[in-house]
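The block underneath contains the structure these notes are about, expressed in structure tokens.
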Amino acid sequence: MSRSDHTLLAALRDPTVRRRIRDRAAEEFLGDAGSLLATIGICALGVLVGGRFYVATMPAVPTLLWPLYADSPTALALVLLALAALLPTVGSGRPARETPTNRPLAYLQTLAFVWLVKYGLWPLAALNVHAGLYLGSPDALASYWGILVTHLLFVALALLLPAIGRTTRGALGLALGLSVCNDVLDYGLGFHPPLRYDPGLVLPVVTVAIGVVAVALANRSFRRLGE
């Protein structure tokens, strides 16, 4: 490894440097009206595409539980709403980080972050518990690689939210509670996303752990409301 590589890695270990990189990326993707609208449009398309994955099995799920059942579309719908709240600020030419903050928006941004991280990482576990069932299928390019890549982009988008958002203890507690409720719905009541195998015990345990990690990351990444 070259000297410049060591210097770069040392710089990236500095939280201040990482925060500056994140803030710059957030302004690039969310601070320009054109790129913000494009991101919102992509998220809206993702809600439709993701919803199609669930629509065939939704009749078996109580209607009020659909937002918890349709994991990925719900994550995208939450961040779509959070991004839409930036439009008045960005449209007026001000930086996205100057968007007024309030408690309902902090709750929304926190839930969007946790859902994006949790269900962006979840396919890494879900598709690799029995990877052969997906990699060995004729549609592996879409059902394995396509899902992994697109869902990892959820995480990339989530990491931009702390640059323009806030959180509260109540929002973090609600996110953790809803995440656990979602897991109970999925694996306790059997309303988990369509899989090619029985989830057994490993996947539920890993899913709960991912949710806890997502909330912990939100706690570490977001500034508190009022700061």
Side-chain angles (χ1 to χ4, degrees), residues 42-80 110-161 172 174-221:
I42 292 171
C43 289
L45 179 62
V47 172
L48 296 176
V49 173
R52 184 179 180 182
F53 177 76
Y54 290 90
V55 70
T57 53
M58 276 184 166
V61 181
T63 305
L64 292 178
L65 297 180
W66 284 2
L68 291 178
Y69 174 64
D71 302 323
S72 298
T74 297
L76 291 174
L78 288 169
V79 76
L80 192 156
T110 303
L111 288 174
F113 180 96
V114 170
W115 249 243
L116 285 172
V117 171
K118 181 177 181 180
Y119 293 107
L121 296 178
W122 181 80
L124 285 174
L127 299 185
N128 285 300
V129 171
H130 294 288
L133 295 176
Y134 293 91
L135 283 172
S137 66
D139 64 341
L141 184 61
S143 65
Y144 183 84
W145 297 110
I147 289 176
L148 286 186
V149 171
T150 54
H151 282 69
L152 286 176
L153 292 176
F154 286 20
V155 181
L157 179 57
L159 295 178
L160 300 181
L161 292 180
L172 293 166
L174 178 64
L176 180 60
L178 287 176
S179 177
V180 172
C181 287
N182 202 353
D183 297 336
V184 171
L185 171 70
D186 284 354
Y187 305 109
L189 301 181
F191 293 132
H192 55 77
L195 295 167
R196 297 179 181 179
Y197 60 89
D198 184 276
L201 181 62
V202 173
L203 185 59
V205 170
V206 172
T207 304
V208 172
I210 293 173
V212 172
V213 168
V215 175
L217 185 59
N219 178 54
R220 181 174 179 176
S221 302

Donor-acceptor pairs are to be reported for all side-chain atoms of residues 207-216 against protein atoms at under 3.5 Å, with residues two or more places apart or in another chain.
residue	atom	partner	partner atom	Å
Thr207	OG1	Trp122	NE1	3.1
Thr207	OG1	Tyr187	OH	3.2
Thr207	OG1	Leu203	O	2.7

Mind running side-chain contact (heavy atoms from CB on, under 4.5 Å) on Phe191 and Leu68 for me, showing each step along the way? CA-CA 9 Å; Phe191 293 132; Leu68 291 178; over 6 Å; no
Shortest non-hydrogen contact from Leu133 to Ser137? O-CB, 3.9 Å
Please report the shortest heavy-atom distance between Val79 and Leu76, naming the atom on each side. CG1-O, 3.3 Å
Search all heavy atoms of Leu80 against all heavy atoms of Cys43 and return the closest pair with its distance. CD1-C, 4.0 Å
Quick one: list whatever passes side chain to side chain donor-acceptor pair (under 3.5 Å) with Ser143, sequence neighbours left out. Asp139
Sorted by chain and number, sequence neighbours left out, side chain to side chain donor-acceptor pair (under 3.5 Å) with Asp198 holds for none
Any idea which heavy atoms bring Ser72 and Tyr54 closest together, and the distance? N-OH, 4.1 Å
Got a sec, which residues hit side chain to side chain donor-acceptor pair (under 3.5 Å) with Asn182, two or more places apart in sequence or on another chain? Asp71, Tyr119
All N/O donor-acceptor pairs, side-chain side in residues 110-118, below 3.5 Å, sequence neighbours left out:
residue	atom	partner	partner atom	Å
Thr110	OG1	Ala106	O	2.7
Thr110	OG1	Thr167	OG1	2.7
Lys118	NZ	Ser179	O	3.2
Lys118	NZ	Ser179	OG	2.7
Lys118	NZ	Asp183	OD1	2.8
Lys118	NZ	Asp183	OD2	3.2

Nearest-0.5 Å distance that lies between atom OG1 in Thr63 and atom OH in Tyr69: 13.0 Å
So which pairs with a foot in residues 133-157 pass ring pair (Phe, Tyr, Trp, His ring centres under 6.0 Å), sequence neighbours left out? His151-Phe154
For Thr150 and Ile147, indicate whether the former's side chain and the latter's backbone hold a donor-acceptor pair under 3.5 Å. yes
Nearest heavy-atom contact between Met58 and Trp66 is O-NE1, 3.1 Å
State, to 0.1 Å, how close Gly51 and Pro73 come at their nearest heavy-atom pair, and which atoms those are. N-CG, 3.5 Å
Is the count of non-hydrogen atoms from other residues, nucleotides or ligands lying under 6.0 Å from Leu48 atom CG greater than 12? yes
